[in-house]
A.B. asks: 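Next up is a structure, given as structure tokens.
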Number of protein chains: 2
Amino acid sequence: MSNETPLDAIDREIIFHLRQDGRLTNVELAKRVGLTAPPCLRRVKRLEESGVIAGYRAVIDPEAVGRGLEVLIDVEIYAQDRKSFEEFESIVAAFEEVVEFRRMYGRPDYFIRVAVADHAAYEAFLTGRLSGLPAVRRLESHLTMKTIKTSP
Amino acid sequence: MSNETPLDAIDREIIFHLRQDGRLTNVELAKRVGLTAPPCLRRVKRLEESGVIAGYRAVIDPEAVGRGLEVLIDVEIYAQDRKSFEEFESIVAAFEEVVEFRRMYGRPDYFIRVAVADHAAYEAFLTGRLSGLPAVRRLESHLTMKTIKTSP
DNA sequence: GGTGAAAGCTAGCCGGC
DNA sequence: GCCGGCTAGCTTTCACC
């Protein structure tokens with residue numbers, strides 16, 4: 001996947017523009033980076049094939065799909081055998097409310113980001129799903145007061 | 001922005017497919033949701049105009065653009081006057097390494113996600129930029145051992 | 001970097017619920 | 001009136017030079 005050819009200035013410009021608008025037409029993109037369409041398309045294809053451009057996504061308003069509330073959770077677990085770890089990880093990863101899930105160095109053991117409709121839905125998730133897992137020792141939920149910046 | 005018309009089943013399917021591939025052609029999308037192109041396009045336009053679809057982004061491999069290392073940082077600050085808060089927030093938000101920045105309820109005061117090339121770059125960021133800010137009382141960096149799940 | 005055939009986009013109009 | 005489907009002209013894509 002990792003490309004041997006490092007990105008030149010034009011590649012970086014292409015990435016910059018496609019990050020802002022993934023549906024740019026190739027001709028418009030070419031105009032912005034100072035190329036004509038065919039060489040521009042070849043570069044884009046190369047970036048896609050080398051994995052630099054991993055895909056394209058529509059950005060959806062979380063509110064509109066019932067995911068307006070994000071909660072960050074620090075998790076401590078009981079140190080157990082390998083099987084318990086694996087079970088805990090696969091169960092949590094399968095929860096649709098979980099949008100990010102990392103095992104951390106030091107403390108906490110795991111970091112989870114959950115997206116739900118509202119506080120009632122979060123309470124239901126915490127009580128009905130997460131806190132009942134045998135591996136869970138301690139959960140600490142962190143609520144956002146204000147999002148100052150997200151994504152590049 | 002908030003649409004009065006709630007999303008029906010087809011709208012949800014359109015969102016589902018465009019979340020997976022934001023460059024789907026309209027005819028292909030129409031085929032998948034069981035419509036012909038024109039009504040499908042009208043729905044997409046409506047979703048865009050109502051803000052449900054907020055935009056389209058290319059997904060870039062962080063490694064390829066020198067952003068392979070993500071660190072999560074808990075920040076505690078000295079409680080100060082409004083001006084200090086605002087200054088701290090605008091300075092941190094302006095750092096290009098900072099990709100997520102939230103003010104939290106309770107502790108920590110702020111949550112920062114940073115994306116840098118490697119550990120040396122992180123050390124430089126921490127020493128040269130973040131820890132020197134007068135408002136900063138305590139920083140706690142959290143490193144990921146394993147990413148088990150990201151995004152929907 | 002340019003060219004041209006094939007594919008896709010999208011406006012206008014029509015028909016069924 | 002609302003929503004889907006059809007036609008048709010314009011734009012974009014992309015293999016070939």
Side-chain angles (χ1 to χ4, degrees), chain A residues 1-68 117 151-152, chain B residues 1-67 151-152:
Chain A
M1 266 338 104
S2 249
N3 52 327
E4 55 288 353
T5 345
L7 309 177
D8 69 9
I10 297 181
D11 288 332
R12 291 181 180 279
E13 272 212 60
I14 287 174
I15 290 169
F16 172 79
H17 287 294
L18 286 180
R19 247 225 272 251
Q20 299 199 318
D21 182 0
R23 291 208 84 154
L24 268 182
T25 64
N26 183 56
V27 293
E28 177 61 25
L29 177 62
K31 202 177 302 175
R32 294 198 192 176
V33 302
L35 291 177
T36 55
C40 182
L41 184 63
R42 280 196 289 270
R43 280 169 180 270
V44 171
K45 289 280 174 253
R46 191 161 46 73
L47 291 170
E48 288 170 0
E49 273 154 30
S50 69
V52 175
I53 296 177
Y56 301 89
R57 301 274 128 84
V59 180
I60 306 300
D61 175 20
E63 202 80 49
V65 291
R67 292 295 167 89
S151 83
Chain B
M1 275 326 116
S2 249
N3 52 327
E4 55 288 354
T5 344
L7 309 178
D8 69 8
I10 298 181
D11 288 331
R12 290 181 181 279
E13 272 211 59
I14 288 174
I15 290 170
F16 172 79
H17 287 293
L18 286 181
R19 247 225 273 250
Q20 299 200 317
D21 182 359
R23 292 208 84 154
L24 267 182
T25 64
N26 183 55
V27 293
E28 177 60 26
L29 177 62
K31 202 177 299 175
R32 295 198 191 175
V33 302
L35 291 176
T36 55
C40 182
L41 184 64
R42 281 196 288 268
R43 279 171 180 269
V44 172
K45 289 278 176 261
R46 192 159 45 73
L47 291 170
E48 288 171 358
E49 273 154 30
S50 69
V52 174
I53 297 176
Y56 301 88
R57 301 274 129 81
V59 180
I60 306 301
D61 175 20
E63 202 79 49
V65 290
R67 291 295 167 89
S151 82

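Letters go in sequence order (proteins before strands), and every chain restarts at 1. The figures that follow rest on heavy atoms only: side chains count, while hydrogens, waters and symmetry mates do not.
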A.B. asks: Provide, to the nearest angstrom, the distance between the CG atom belonging to B:L24 and the P atom belonging to C:dA7.
C.D. replies: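 Taking CG of B:L24 and P of C:dA7, I get 18 Å after rounding.
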A.B. asks: Do A:R46 and A:E49 meet the salt-bridge criterion of a basic N to acidic O distance under 4.0 Å?
C.D. replies: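 Salt bridge between A:E49 and A:R46, a charged N being under 4.0 Å from a carboxylate O: no.
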A.B. asks: Is there a donor-acceptor contact under 3.5 Å linking the side chains of B:Q20 and A:Y56?
C.D. replies: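 No, A:Y56 and B:Q20 have no side-chain donor paired with an acceptor closer than 3.5 Å.
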A.B. asks: Nearest whole Å is fine: how far is D:dT12 C1' from A:L41 CG?
C.D. replies: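 It works out to 10 Å between those atoms.
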A.B. asks: Do the charged groups of A:E28 and A:R32 touch, with an N to O distance under 4.0 Å?
C.D. replies: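 Between A:R32 and A:E28 there is a salt bridge, with a charged N closer than 4.0 Å to a carboxylate O.
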A.B. asks: Would you kindly give the NZ-to-C1' distance between A:K45 and D:dT13, to the nearest whole Å?
C.D. replies: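 From A:K45 NZ to D:dT13 C1': 9 Å.
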A.B. asks: Need one value for B:A37: base, sugar-phosphate or nothing, where a base atom within 4.0 Å counts as base even if backbone is also close, heavy atoms only.
C.D. replies: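 The residue B:A37 makes base contact.
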A.B. asks: Using whole Å, report how far CZ of A:R23 lies from P of D:dT11.
C.D. replies: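 In whole Å, D:dT11 P and A:R23 CZ are 19 Å from each other.
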A.B. asks: If we check side-chain contact (heavy atoms from CB on, under 4.5 Å) with A:I14, which of these qualifies: A:L24, A:D8, A:V44?
C.D. replies: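 Only one option passes, and that is A:V44.
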A.B. asks: Check the distance between C:dT10's P and B:E28's CD and give it to me in whole angstrom.
C.D. replies: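 So the two atoms are 16 Å apart, to the nearest Å.
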A.B. asks: Using whole Å, what does the distance between atom P of nucleotide D:dC2 and atom CZ of B:R43 come to?
C.D. replies: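 These atoms are roughly 14 Å apart.
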A.B. asks: Please compare B:C40 and A:V27 by the position of their nearest nucleotide in DNA chain D and report the one closer to 5'.
C.D. replies: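 Result: B:C40.
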A.B. asks: Would you kindly compare B:P38 and A:N26 by the position of their nearest DNA chain D nucleotide and give the one closer to the 5′ end?
C.D. replies: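 The residue mapped nearer the 5' terminus is B:P38.
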A.B. asks: Which part of the nucleic acid, if any, lies within contact of B:T36, taking any heavy atom under 4.0 Å across all strands shown: a base, the sugar-phosphate backbone alone, or nothing?
C.D. replies: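 Base: the residue B:T36, judged by heavy atoms under 4.0 Å, touches a nucleobase.
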A.B. asks: Ignoring backbone atoms, establish whether B:R42 has a side-chain N or O less than 4.0 Å from OP1 or OP2 of C:dA11.
C.D. replies: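 Answer is no, no contact under 4.0 Å.
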A.B. asks: What's the NZ-P distance between A:K31 and D:dT13, to the nearest Å?
C.D. replies: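 Spelled out: NZ on A:K31 to P on D:dT13 is 11 Å.
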A.B. asks: Figure out the CG/P separation between B:L35 and C:dG16, and round it to whole Å.
C.D. replies: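 For the pair B:L35 CG and C:dG16 P, the rounded distance is 18 Å.
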